[in-house]
There are 2 protein chains.
Amino acid sequence: MQPWQDRLDKTLTKLRERNCRITPQRVAILKVFLGSADHPSVEQVYAQVRINFPTTSLATVYKTVHLLKDIGEVLEIGTVDGRNRYDGNRPCPHPHLICTECKSIIDPKLSLLPKLTAEAETTSGFRITSHQLDFYGICPACQKK
Amino acid sequence: MQPWQDRLDKTLTKLRERNCRITPQRVAILKVFLGSADHPSVEQVYAQVRINFPTTSLATVYKTVHLLKDIGEVLEIGTVDGRNRYDGNRPCPHPHLICTECKSIIDPKLSLLPKLTAEAETTSGFRITSHQLDFYGICPACQKK
DNA sequence: ATACATGCAAAACATTTGCATAAGA
DNA sequence: TCTTATGCAAATGTTTTGCATGTAT
């Protein structure tokens with residue numbers, strides 16, 4: 001029993017409610033997202049899925065990632081190094097730290113972010129519903145090189 | 001005399017120092033960046049340049065934008081809607097408030113942002129060089145509708 | 001004169017789409 | 001059965017590259 005089994009079941013239920021079919025490919029793709037702590041690209045998901053499902057096509061991975069994004073089960077992070085990256089574990093927007101050298105992505109915990117959002121709301125009068133916050137820099141490992 | 005004349009001269013000097021040649025195309029592209037307050041894509045720069053230099057090729061615009069990015073005179077903002085956007089005016093990135101209803105964009109002044117950046121650096125060990133921060137929500141005018 | 005930049009076309013990318021076939025419900 | 005998903009291939013759109021020609025220095 002994987003720690004994300006519960007999450008998997010909930011997502012499958014959500015798919016059924018939308019009259020989407022539960023195919024082996026979709027389950028496999030979903031499992032890759034839930035099992036990876038980092039922020040994979042479509043190509044990386046594809047490579048992972050093909051270990052167990054060698055017949056899976058890249059187009060299907062693209063279509064499924066789109067579907068999961070649409071139902072809010074996967075978050076599109078943005079373009080890093082020419083390809084889109086995704087987060088299957090925290091589908092709500094959160095800040096990222098992106099290393100411009102090795103392209104790795106970290107999820108920092110920023111206690112001040114709610115206060116910053118509040119400041120943006122009060123100074124502008126906006127009702128803020130979402131955000132995208134990416135810091136770019138050099139990660140500790142690359143600083144030593 | 002344009003307000004960015006001084007900046008233009010400095011950039012041209014920088015180019016000469018790097019043994020780069022000052023061509024009409026490069027000057028024209030640079031002027032487009034300095035004269036536009038928004039964040040143009042390569043295609044938009046290309047369209048603008050071709051008004052005065054109809055023979056300019058898209059490849060040259062791409063090469064020049066790359067050059068200007070390399071020497072730090074233009075900032076690559078990131079990919080919006082499938083294409084890269086650039087900022088030739090502001091050396092430092094700044095946050096945006098984007099209304100999802102009327103698409104208007106506001107530049108808020110966020111006094112907490114430096115503190116948030118500092119928190120991100122200390123908690124991660126990253127040396128942060130840049131960032132992108134976009135808040136999405138409903139502006140005051142659209143909330144009344 | 002001689003590097004270097006330009007412009008054209010073709011290539012290299014990630015991503016999307018159309019359609020016949022396969023398969024979940 | 002009957003609709004939806006898959007997989008292939010072709011198309012799309014952006015960005016890059018090779019090379020002959022043009023041009024700034």
Side-chain angles (χ1 to χ4, degrees), chain A residues 8 11-32 39-71 73-74 76-86 103, chain B residues 9 11-32 39-71 73-86:
Chain A
L8 177 62
T11 305
L12 294 181
T13 300
K14 199 187 240 183
L15 283 171
R16 283 191 202 94
E17 284 167 355
R18 299 217 172 198
N19 294 319
C20 294
R21 291 177 182 170
I22 311 303
T23 64
Q25 292 91 332
R26 284 180 175 171
V27 176
I29 290 164
L30 202 38
K31 278 182 179 171
V32 169
H39 307 90
S41 65
V42 169
E43 199 74 36
Q44 288 172 317
V45 174
Y46 174 62
Q48 202 66 23
V49 168
R50 278 181 73 101
I51 294 172
N52 294 316
F53 289 83
T55 64
T56 308
S57 74
L58 191 53
T60 294
V61 179
Y62 271 104
K63 285 166 185 166
T64 303
V65 169
H66 239 88
L67 172 65
L68 294 174
K69 191 180 77 172
D70 287 346
I71 67 172
E73 290 295 317
V74 140
E76 193 173 81
I77 302 261
T79 304
V80 179
D81 218 32
R83 48 192 39 128
N84 270 326
R85 301 282 211 92
Y86 299 86
K103 317 295 179 191
Chain B
D9 291 341
T11 305
L12 293 180
T13 300
K14 199 187 238 184
L15 283 171
R16 283 191 202 93
E17 285 167 355
R18 297 217 172 200
N19 294 318
C20 294
R21 291 180 181 167
I22 311 303
T23 64
Q25 290 91 334
R26 284 180 174 170
V27 176
I29 290 164
L30 203 37
K31 279 182 178 171
V32 169
H39 305 147
S41 65
V42 168
E43 200 73 36
Q44 288 172 317
V45 174
Y46 174 62
Q48 203 63 24
V49 167
R50 278 182 72 101
I51 295 171
N52 294 317
F53 288 83
T55 63
T56 308
S57 74
L58 189 54
T60 295
V61 179
Y62 271 103
K63 286 166 185 167
T64 302
V65 169
H66 238 89
L67 172 65
L68 294 174
K69 192 180 75 171
D70 286 346
I71 66 173
E73 291 294 318
V74 140
L75 183 74
E76 194 175 80
I77 298 282
T79 304
V80 179
D81 219 34
R83 48 191 60 154
N84 269 326
R85 302 288 278 287
Y86 299 87

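The chains referred to below are lettered A, B, ... by the order of the sequence lines, with proteins before strands, and numbering in each begins at 1. The analysis underlying the following values was restricted to heavy atoms, covering all of them including side chains, and did not include hydrogens, waters or symmetry mates.
Interatomic distance, A:E73 CD to A:T64 OG1, rounded to the nearest 0.5 Å: 13.5 Å. Atom-to-atom distance recorded for B:L75:CG and B:R85:CZ is 13.0 Å, nearest 0.5 angstrom. Here the OG1 atom belonging to B:T11 is positioned 10.5 Å from the CZ atom belonging to B:R16, to the nearest 0.5 angstrom. To the nearest 0.5 angstrom, A:E43 atom CD is 6.5 Å from A:R83 atom CZ.
For the side chain to side chain donor-acceptor pair (under 3.5 Å) test, residues two or more places apart in sequence or in another chain that qualify with A:E76 are A:K69, A:Y86. Qualifying salt bridge (Lys or Arg N to Asp or Glu O under 4.0 Å) partners for B:D70, counting only residues two or more places apart in sequence or in other chains: none.
We find that OH of A:Y46 is positioned 14 Å from C1' of C:dA14, with the value rounded to whole Å. We find that CG of B:L12 is positioned 14 Å from P of D:dA24, with the value rounded to whole Å. Rounded to an integer number of Å, the gap from CD of A:E17 to P of C:dA25 is 14 Å. In this structure, B:I29 places its CD1 atom 10 Å from C1' of C:dT6, rounding to the nearest Å. Following rounding to the nearest Å, A:R85 (CZ) and C:dT15 (C1') show an atom-to-atom distance of 17 Å. Nucleotide C:dT16 holds its P atom 7 Å from the NZ atom of A:K69, rounded to whole Å. In this entry the distance linking CG of B:N84 with P of C:dT15 reads 13 Å, nearest Å. In this structure, A:R16 atom CZ and D:dA5 atom P are separated by 14 Å, rounded to whole Å.
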* **Full working for side chain to side chain contact (heavy atoms under 4.5 Å, CB included) between A:L58 and A:V42** => CA-CA 8 Å; A:L58 191 53; A:V42 169; 4.1 Å; yes
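Taking 4.0 angstrom as the limit, B:N19 places none of its side-chain polar atoms (N or O) nearer than this to OP1 or OP2 of C:dA3. The side chain of B:T60 contributes an N or O atom lying less than 4.0 Å from OP1 or OP2 of C:dG7. Contact check, A:T64 against D:dA5: no side-chain N or O comes under 4.0 Å of OP1 or OP2. Listed pair A:R26 / D:dA5 meets the phosphate criterion, a side-chain N or O lying under 4.0 Å from OP1 or OP2. When the side-chain nitrogen and oxygen atoms of B:Q25 are compared with OP1 and OP2 of C:dG7, one or more of them lie within a distance under 4.0 Å. Checking the phosphate oxygens (OP1, OP2) of C:dC4, no side-chain nitrogen or oxygen of B:T23 falls inside 4.0 Å.
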I'd like a table of donor-acceptor pairs (distance under 3.5 Å, sequence neighbours excluded) in which one partner is a side-chain atom from residues 47-56 of chain A, with atom names and distances.
from  : atom 1 : to    : atom 2 : distance (Å)
A:R50 : NH1    : A:Y46 : OH     : 2.9
A:R50 : NH1    : A:P54 : O      : 3.2
A:R50 : NH1    : A:T56 : O      : 2.7
A:R50 : NH2    : A:P54 : O      : 3.0
A:T56 : OG1    : A:F53 : O      : 2.9

Which atom pairs, donor and acceptor, lie under 3.5 Å between side-chain atoms of residues 20-30 of chain A and protein residues at least two apart or in another chain?
from  : atom 1 : to    : atom 2 : distance (Å)
A:T23 : OG1    : A:R26 : N      : 3.2
A:R26 : NH1    : A:R21 : O      : 2.9

So which protein nitrogen or oxygen atoms get under 3.5 Å of nucleotides 16-23 of chain D's nitrogens or oxygens?
from   : atom 1 : to    : atom 2 : distance (Å)
D:dG18 : O6     : B:K63 : NZ     : 3.4

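Backbone-only contact: B:T55 has heavy atoms under 4.0 Å from sugar-phosphate atoms and none from a base. Counting non-hydrogen atoms under 4.0 angstrom, A:E43 reaches nothing in the nucleic acid.
Between the side chain of A:K103 and the main chain of A:D81, no donor-acceptor pair closer than 3.5 Å is present.
The rotation axes computed at either terminus of the helix from C:dA1-D:dT25 to C:dA25-D:dT1 lie 30° apart, taking five pairs at each end and rounding to 10 degrees.
Ranked by how close their nearest DNA chain C nucleotide is to the 5' end, B:R50 and A:V42 are led by B:R50.
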